[in-house]
Amino acid sequence: MGTEDGESGDTGGADAERSTDEPASGDSQRDRLPTLTRRRALAGGAALGAGVLGAGALLDGGERPDTTGVDDDTATTLAAQFAPDLHFGAAERWFPTDPRRYTSERDGRTVVDGFDALAGYSADRGASDGPPAPTVFHDVVRYEGTDLVVVQYWLYSAFDQFTTNFHWHDWELLQVFVDAATEDPVLYVASAHSRRVPNNEYIDPATDRPSVIAEVGSHSSALGVNETRDTFERFAVQTETADVTNRLLDRIGVPLAYGLPRDEGFRLPFAVPELDGTPLFEHPELPDVDREDFVPASVTLRDGEVPDDLPAREPGPVLVHEDRTGAGASDTGDADAGDTDGETATGDADATYTLTPIEAVTEIDAFTGPQLRFEYPIPTFAEDAAASHLTSVGVPWEQPRFDDPIADVTEDAHRAELAARFDVGEPGPLATGGAVVTRLREATPTADAPGNNGVETREPRVEVRALLESESTELSSFRGVLAAVGVESGEHRLTVDAPGAAPYSSRFRHVPDGADTAGTETTPTDGTEATPRNTATTGGERRTTTGVADGGSPSATPTSETIPDARVTAVGTDGETVVTPSDAAVKFRAATSADGPDVRRVSITDDFGGRVYDALPDEDGRAAVYVHSAGAYTASVEDTEGRVGAYRVNPAADQATATVPAVETGVTSLTTFLETFLRETRAQVAAVRDGESVDAAVPADARDPAARGKGRGGGASATETEPGTDSPTATTSGRRTETATETPTETASETQTTVPTETTTATEADDDRGRGPRTATDTGGGRGPRDDGDDATTPTDTATPTATPTRTPYDTPTATPTDDDTNGDGSGSASGSDGDAWHAATDGSTSPPDPIDQVLRRLDNAIAAARNALDAIGDGNRRAAANRLGALRNQLRAIRRTLDTGRELPAAAEALLASRLDELDRRLEQAVAELSEN
């Protein structure tokens with residue numbers, strides 16, 4: 001792609017001063033370059049060789065060493081010796097050429113206008129049998145006082161069209177680092193998309209002549225150094241040697257190098273550039289440019305839609321140096337030839353290119369062109385942030401890597417080798433800034449969930465573009481991975497623009513090991529122990545599927561070295577970023593109020609798919625992310641005091657948004673969530689029993705947190721509405737803090753009333769282990785219903801129930817939920833029944849109860865307990881609230897035992913319950929902890 005972040009633009013050196021001195025005889029090419037280079041060549045005319053170049057030391061103070069050129073003859077010889085074979089894809093349209101063919105004079109300046117270059121090259125290609133004027137520009141750099149010489153190959157193309165960007169003009173770079181003492185290559189570096197994207201690199205290659213395998217449209221360069229010179233191999237699968245020696249990143253399981261995604265079996269669609277609201281090939285200023293002059297429609301996005309039959313990369317034209325002779329021209333593959341294995345013979349190439357000194361184009365002041373736009377809609381802020389990548393490129397001789405080739409080495413291990421051998425170079429980007437990585441996943445409905453109540457994730461359908469906005473760095477995914485190196489410590493924002501997907505944006509904190517860690521602690525929002533710094537928290541195992549992008553299992557890695565985890569920040573949920581198809585996207589939004597908590601983290605967990613989002617909120621505490629409409633989610637927020645709030649989001653298929661108008665944290669938020677979640681579950685389990693739609697049964701406030709208070713009866717009474725109804729009366733409002741203190745002794749005024757129903761006496765109910773009847777006054781040691789005596793509540797209340805516990809026939813849902821805990825101590829008898837024993841119904845039936853009806857009764861009781869807990873919280877009676885949450889805990893345990901003992905439940909009901917009990921337990925324990933800590 002050729003752009004160096006911060007180096008691109010449409011001026012291209014307009015203010016550059018040019019040397020007016022006539023070059024002296026014997027001066028090197030680099031001595032005759034314009035004075036605009038960051039480090040002017042300091043010496044020239046030296047012959048290649050160890051005796052002349054000598055061995056130097058790293059300059060004092062860690063400064064970059066000075067570089068200079070070599071004499072013309074030596075430069076020409078070296079350039080020809082290591083001249084690469086160039087392999088292009090069948091869909092390529094813009095091959096390396098000479099930009100001088102398209103120059104014009106404007107206001108005394110020599111420029112290459114984007115319109116002129118695109119139109120001129122398209123016309124030339126149409127009139128020729130092959131690539132017009134194939135040209136590669138070369139430059140040779142030596143590090144003063146060392147044996148290190150670098151041959152640079154600069155490739156100019158008239159246009160760049162890619163998935164993630166496009167721009168007028170394109171400059172690509174291959175660098176060959178040579179040991180002057182032996183004249184052997186030491187390192188190959190093929191540049192990727194930008195300064196933060198890890199390049200494709202190979203240390204100590206066995207061949208003198210590398211292959212460059214160009215990415216279609218963008219021309220980003222992969223290496224071919226093994227026997228399969230026209231195919232990139234990240235791992236040694238077909239051969240004994242991989243094509244990169246970049247170190248392995250354990251978090252993603254692959255070497256940290258951009259590679260060549262389409263050659264690795266991954267789908268990579270191309271975007272259509274647009275100008276003035278018109279596709280570029282239809283623009284009135286380009287009348288002679290048509291659709292065929294761009295990447296074929298079969299691999300192109302239109303209106304943001306990804307073609308279903310997107311083809312993989314197909315080999316295309318091969319270009320070799322026109323003066324290839326001797327071993328370099330052999331196609332025998334004779335191992336004794338040393339460096340001929342797999343090289344393309346001149347006669348077998350589709351075309352040859354000319355090597356030309358870079359000095360020949362330094363007369364060009366600028367490469368210009370207006371900003372382009374994506375044809376398919378993407379967020380304007382994201383497009384504007386990429387503006388530098390949508391205009392044109394700067395000139396090579398203005399880039400830092402032109403004078404200091406080591407600046408373009410992204411693998412620290414390779415830099416270390418250069419420093420050890422030649423005493424030159426600085427620490428690399430991983431050492432100075434670390435890396436930021438994330439593996440992309442795509443949300444999709446799961447067949448394991450009844451109706452639209454769960455998602456799973458799969459490999460993304462296509463590679464994507466992204467922006468590390470904090471550094472204005474464009475990224476392109478490879479093998480479904482986004483990676484950036486040399487990222488500074490601090491807070492950053494990653495914005496992902498995936499074709500056919502809703503936009504994704506998240507903030508994260510990057511603190512590589514050894515940097516200032518103040519204020520960077522990360523605390524999970526799910527109540528689990530804190531994870532190591534730079535590691536995203538997880539909310540349970542995510543359900544995944546393998547998609548179309550399956551790179552297979554490599555048999556070998558290119559290097560045994562791995563990148564230390566301490567240098568890497570894994571963005572997202574356990575290092576994964578989950579995007580959502582745009583046609584199924586629901587926007588979740590959370591806002592804060594002036595008197596609300598300061599939010600420090602937001603996460604979203606699907607019942608089946610696990611956590612799908614985990615990020616820092618915006619600076620103002622707000623958060624927004626798109627989730628799949630087929631999911632059923634728990635949204636969790638954590639404030640700066642470590643308190644947690646939770647909200648239920650189970651959206652309808654046609655729902656556009658789900659909003660938390662004002663985030664609250666603490667026990668009220670958690671208990672309200674429990675009550676909502678339990679009603680949702682109860683309504684859906686009842687729908688399963690009755691053969692009705694589980695999706696239609698979801699209460700309004702479980703679909704959208706903005707409807708909180710519309711899903712249950714007025715107040716917080718457990719007796720005024722049937723679970724699952726959408727009564728519009730408001731419930732207890734969420735409160736962030738509860739400051740009331742508990743009175744030493746509760747009174748009977750807290751008793752619950754019940755609607756009369758057909759009754760059985762309290763003595764008929766089994767205890768929570770099904771061991772026979774117990775009376776309502778049998779509190780089980782003062783702790784109420786229990787599971788092997790492990791309940792934490794120890795009430796001191798004394799009260800007499802004012803209503804007789806009731807039982808309804810098993811074939812009808814309980815009309816009135818009750819936690820059977822009238823005195824707030826968890827001692828109610830019905831709440832202890834676990835369904836392992838059964839009793840005769842009031843109609844005299846002796847048939848055992850249906851397990852699903854028992855579960856529904858348990859859910860009714862749990863709902864009642866949650867409502868009574870909310871009442872107690874609202875009254876400032878924390879002990880009573882804790883006791884009622886203890887009763888709720890017992891109901892959940894009884895439901896879990898029903899599942900664990902294999903009692904027959906409808907599959908859909910069992911799936912719903914099994915996917916939700918852990919989340920209910922987790923939020924319940926958080927609520928209990930809140931009560932005990934305050």
Side-chain angles (χ1 to χ4, degrees), residues 379 441-445 449 452-457 493-496 498 501-508 525-526 536-537 539 542 572-573 576-593 596-597 599-618 620-639 644-665 669-670 672-673 676-677 680 695 698-708 710-711 734 919 923:
R441 306 290 297 180
E442 182 180 274
T444 186
N452 291 321
N453 285 276
V455 298
E456 59 191 14
T457 65
R493 179 183 295 278
L494 179 69
T495 298
V496 178
Y504 173 97
S505 182
S506 68
R507 292 180 67 240
F508 64 94
T525 58
D526 60 357
T537 57
R542 182 186 292 108
T573 300
E576 293 186 352
T577 292
V578 181
V579 297
T580 300
S582 55
D583 59 358
V586 176
K587 189 172 187 179
F588 170 79
R589 299 177 296 191
T592 57
S593 59
V599 179
R600 72 174 179 183
R601 202 160 194 90
V602 178
S603 66
I604 300 178
T605 303
D606 178 76
D607 292 348
F608 285 81
R611 187 164 293 179
V612 296
Y613 182 79
D614 189 0
L616 303 176
D618 289 340
D620 58 4
R622 295 183 301 173
V625 64
Y626 286 94
V627 295
H628 200 292
S629 60
Y633 308 97
T634 294
S636 179
V637 295
E638 181 185 13
D639 64 26
V644 177
Y647 299 85
R648 188 63 182 162
V649 180
N650 189 344
D654 59 351
Q655 188 170 327
T657 61
T659 304
V660 178
V663 166
E664 299 291 344
T665 58
S669 174
L670 291 167
T672 302
F673 164 81
T676 302
F677 199 2
E680 172 195 354
D695 296 331
V698 178
D701 56 342
R703 293 200 185 280
D704 188 346
R708 260 194 179 188
K710 299 180 181 180
E919 187 68 30
R923 302 305 173 183

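Computed from a predicted structure; not experimentally measured. Computed from heavy atoms alone, side chains included, the values below leave out hydrogens, waters and symmetry copies.
- Within the model, atoms CG of Asp606 and CG of Asn453 stand 9.0 Å from one another, a figure rounded to the nearest 0.5 Å.
- Summarising the geometry of Val586 relative to Ser629, their closest heavy-atom pair is CG2-CB, 3.7 Å, with the distance given to 0.1 Å.
- Closest non-hydrogen pair, Ala707 versus Asp701, comes out as O-CB, 3.2 Å.
- To the nearest 0.5 Å, atom CZ of residue Arg441 and atom OG1 of residue Thr573 are 12.0 Å apart.
- When all heavy atoms are compared, the tightest approach of His628 to Pro651 is O-CG, 4.2 Å.
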Starting from the C-alpha separation in whole Å, work towards a yes-or-no answer on side chain to side chain contact (heavy atoms under 4.5 Å, CB included) for Tyr626 and Ser582. CA-CA 9 Å; Tyr626 286 94; Ser582 55; over 6 Å; no
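- Nearest heavy atom pair, residue Ala449 against residue Gly454, reads CB-N, 3.6 Å.
- The side-chain heavy atoms of Glu638 and Val599, taken from C-beta on, include no pair separated by under 4.5 Å.
- Taking CZ from Arg708 and CZ from Phe673, the interatomic distance works out to 8.5 Å, rounded to the nearest 0.5 Å.
- Under the side-chain contact (heavy atoms from CB on, under 4.5 Å) rule, Val612 has a single partner from Ile604, Thr580, Val579, which is Ile604.
- Between Gly645 and Ser669, the shortest heavy-atom distance links the atoms CA-OG, 3.4 Å.
- By the salt bridge (Lys or Arg N to Asp or Glu O under 4.0 Å) test, Arg507 pairs with Glu491, Glu619, sequence neighbours left out.
- Proximity of Val644 to Ser636: side-chain heavy atoms (C-beta onward) are separated by under 4.5 Å at one or more points.
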Does the side chain to side chain contact (heavy atoms under 4.5 Å, CB included) test come out yes or no for Tyr504 and Val578, once each step is laid out? CA-CA 8 Å; Tyr504 173 97; Val578 181; 6.0 Å; no
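- You'll find the side chain of Pro581 reaches within 4.5 Å of the side chain of Glu442, heavy atoms only.
- Between Gly572 and Thr577, the closest heavy-atom pair is CA-OG1, 4.4 Å.
- Residues Thr495 and Pro503 are not in side-chain contact: their nearest non-hydrogen atoms beyond the backbone lie 4.5 Å or more apart.
- In this structure, Thr672 and Glu664 have side chains that are not in contact, with every pair of non-hydrogen atoms separated by 4.5 Å or more.
- How far OH of Tyr633 is from CG of Asp607: 9.5 Å, rounded to the nearest 0.5 Å.
- If you take CD on Glu680 and CG on Asn650, they are separated by 4.5 Å, rounding to the nearest 0.5 Å.
- Look at Arg589 and Asp704 and you find no salt bridge, because none of the NZ, NE, NH1 or NH2 atoms lies under 4.0 Å from a carboxylate O.
- In this structure, Glu919 contributes its side chain and Thr634 its backbone to no donor-acceptor pair below 3.5 Å.
- Comment: Arg601 engages Asp614 in a salt bridge, judged by a side-chain N to carboxylate O separation of less than 4.0 angstrom.
- In this structure, Asp618 CG and Ser505 OG are separated by 7.0 Å, a value rounded to the nearest 0.5 Å.
- For Asp620, the salt bridge (Lys or Arg N to Asp or Glu O under 4.0 Å) partners are Arg622, not counting sequence neighbours.
- A heavy-atom distance below 4.5 Å is not found between the side chains of Tyr613 and Val627.
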